[in-house]
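Notes follow once the structure below has been shown.
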Amino acid sequence: MVLTLLSILMIVLLSGYMVLNTHKQKSRITGMPGMMIAMSIGMMSSLALGFQLGIVFDHDLAVPSIIAILFGLGTGYFTGKPVSILASLDGMLAGIMGGMMGAMLGSMLGFTYIMALFIDILFILIFCVVLQLTSSNSVETHKTKRNGISVPFIAGIITVAFGTVSVGLLLFNQYQDHRASAVSSQNKQQSSAQENAGYKVISVDVKSNGFSQDNIVVQAGVPTKLNFIKQTGYTCIKSVESTDLGIDVYLEKGDNFITLNDLKPGTYHFNCGMYMYYGTITVV
C-alpha cells in the first residue's frame, strides 16, 4: 500500500510539473510536437494513476475509472492549452483512454511489486522523453548529442531490462506456486473433507473467461456448499456476488466454499465482482 501511495504522489507531482513546464516553454512548442506532448502526458498520467487506483479500490471499477479519466482530462487539456485547442482535445481524448485502460489493468491484476514498479518506470521513461522534447532548443529536430547518450535512451534500456527480469520472475513465481500447491494439496483435501462432512459439495472452476457452470442445480432441503476453485491469480474474477443470496465473497487462490442454507425452490443469480460474468443457481 505504501508503494502505491508513493506512486500516486509521484504521478500527480510529475504530471503537474510537466503542465507548468509546457506553459513555460510554450514559445518553443507548436504544431505536432505540442500535440504529441499533450497526448503522451494525458495518456500516461491517467493510465498510471488508473492502475494504482485500481489496486486501491479492489472491488470497485467505477471509482478508479472516474478519477483517472478526470485526471487525464485535466492533464491533457492544460498541457495542450498553450499550444492549441486541437492539442488540448488530443490530450483529453488520450486521457480518457488511458484512464479506462489503467483502471481495468489494476483491478484485474491486483497488487504485485513487479508490475507496480514496471508501470512507474514506464511512466518515468515517457516523462523523460517528453521533458527532452519540451526543453529542446528546436521543435523541428531533436538529435542525440554527439558527446553523450541521451537520458531517454538510458531510460529505455533500463525499462526493457526491467521488463525482461519482471517476466522471468513472474514465470518463476508461478512455477513455485504450482509446486507448493501440489505438495500441500493432499493436506488441504483431508481438511476440507472434515469441514464439509454432511454437505453436498458442488465444484465450480473459476476460469479466465468465466465460470465452468453457468447454471448450478441444487436440491432443496439438502445441505449444500459451492466450491469456487480459483486455479490462478491471473483472472479478473476476484469475487462472487449475489444480491438474491446476500453474499459477497472474495476469492482466494484455491478452494472457496460458500454455504447455501435452506434455499427455497427457484432461481438465484450470481455474478463476478466486475459484473462481466454471470450464472444462476436453480433450486429444485
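Position 1 is the first residue of the sequence, and the numbers go up from there.
Here Met39 is tied into one hydrophobic group with Met32, Met36, each link being a pair of ILVMFWY side chains closer than 4.5 Å. Val284 belongs to a hydrophobic cluster with Val217, counting contacts under 4.5 Å between side-chain heavy atoms of Ile, Leu, Val, Met, Phe, Trp and Tyr, direct or through other members.
You'll find the side chain of Ile11 stays beyond 4.5 Å of the side chain of Met44, heavy atoms only. A 4.5 Å side-chain heavy-atom check between Phe78 and Ser15 finds every atom pair outside the cut-off. Ile202 places a side-chain heavy atom less than 4.5 Å from the side chain of Gln213. For the pair Gln52/Ile55, a side-chain contact is recorded, criterion being any heavy-atom separation below 4.5 Å from C-beta on.
A 6.0 Å sphere centred on CZ of Phe211 holds more than 12 heavy atoms belonging to other residues, nucleotides or ligands.
Heavy-atom minimum distance, Met18 versus Phe127: CE-CE1, 3.5 Å. Gly50 approaches Pro64 most closely through the heavy-atom pair O-CB, 4.4 Å. The minimum heavy-atom distance linking Pro82 with Lys26 is given by the pair CB-CB, 3.6 Å.
Residues Tyr199 and Phe257 keep their aromatic ring centres 6.0 Å or farther apart.
Applying the ring pair (Phe, Tyr, Trp, His ring centres under 6.0 Å) definition to pairs two or more places apart or across chains, none involves residues 26-47.
Side-chain atoms of Ser46 come within 3.5 Å of backbone atoms of Gly99 as a donor-acceptor pair (strictly under, hydrogens ignored).
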